[in-house]
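Report on the following structure.
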Amino acid sequence: MKHYVGLDVSVKETVTCVVDEDGQICREMKVPSHPADLAFAVSNIGVRVERIGLEAGPLSQWLFEGLARAGLPVICIETRHAKAFLKAQVNKTDRNDARGIAYPHA
C-alpha cells in the first residue's frame, strides 16, 4: 500500500501526517523543523512513502534539499495551490493542514 506524508512547517516544529492511499490517517507527529530530524522521522515510520509534500515557504528550500539528499520523494507545493485546497477545511490548524497536504489527491 502506498503512503503519503504531509508536512506543515513552522519555525520550531513541523506537524507531520502520514496517510495511506485511501486517505486514512496512519500516523501524526511533531518533529523539529530540521532536515535531518524530518528525514529520520519519515524514514523510520515503517511504511513505504510514495510522496512527501510541503508547502512553499521560508524554510521549504532548505527542508526540500535536505529531504531530497536523504533520498526521500519530496515535492514542494506552491502556496496558492495549497491555499486553494486547504481553505475548504472547517478548522484551520497545523494538524489539519498537514493532513490536507498528505492526502493522495492533493
Side-chain angles (χ1 to χ4, degrees):
M1 180 171 277
K2 296 177 183 177
H3 289 81
Y4 303 86
V5 178
L7 306 177
D8 188 63
V9 179
S10 296
V11 174
K12 292 183 181 182
E13 284 187 323
T14 296
V15 177
T16 305
C17 181
V18 181
V19 299
D20 64 21
E21 58 193 14
D22 296 324
Q24 297 298 311
I25 297 169
C26 301
R27 183 152 186 200
E28 294 177 305
M29 59 189 153
K30 290 183 180 180
V31 179
S33 294
H34 190 279
D37 294 318
L38 288 166
F40 180 80
V42 171
S43 296
N44 289 295
I45 56 175
V47 297
R48 186 177 144 268
V49 175
E50 183 74 15
R51 183 193 71 212
I52 302 166
L54 72 140
E55 185 178 357
L59 300 177
S60 59
Q61 183 175 357
W62 177 55
L63 295 174
F64 179 90
E65 285 181 16
L67 293 170
R69 263 189 265 128
L72 296 169
V74 63
I75 62 167
C76 190
I77 303 167
E78 198 246 287
T79 307
R80 284 178 279 174
H81 179 89
K83 185 177 181 181
F85 65 81
L86 294 176
K87 74 178 179 180
Q89 297 175 359
V90 175
N91 294 323
K92 179 109 171 75
T93 65
D94 293 342
R95 186 175 174 189
N96 287 340
D97 285 355
R99 286 179 187 169
I101 293 168
Y103 281 153
H105 65 311

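Fair warning: this is a prediction, and the values are worked out from it, not measured in the lab. Values reported hereafter were calculated over all heavy atoms of this structure, with side chains retained and with hydrogens, waters and symmetry mates removed.
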- S33 and S10 have their tightest heavy-atom pair at OG-O, 2.7 Å
- Interatomic distance, D8 atom CG to E13 atom CD [nearest 0.5 angstrom]: 11.5 Å
- Item | Under 4.5 Å side-chain linkage, directly or through intermediates, the cluster mates of V5 | L7, V9, V18, M29, V31, L38, V42, I45, V47, V49, I52, L54, L59, W62, L63, F64, L67, L72, V74
- Item | Closest heavy-atom pair and its distance - E21, Y4 | CA-CE1, 3.9 Å
- Distance-minimising heavy-atom pair for S43 and A39: OG-O, 2.8 Å
- Message: Would you say that more than 12 heavy atoms from the other residues, nucleotides or ligands in this model lie under 6.0 Å from the CD of E50, or not?
- Response: yes
- Query: Counting distance only, does the side-chain N/O of D20 pair as donor-acceptor with the main-chain N or O of D22 below 3.5 Å?
  - Reply: yes
- Query: Does the side chain of R48 come within less than 4.5 Å of H3's, by heavy atoms?
  - Reply: no
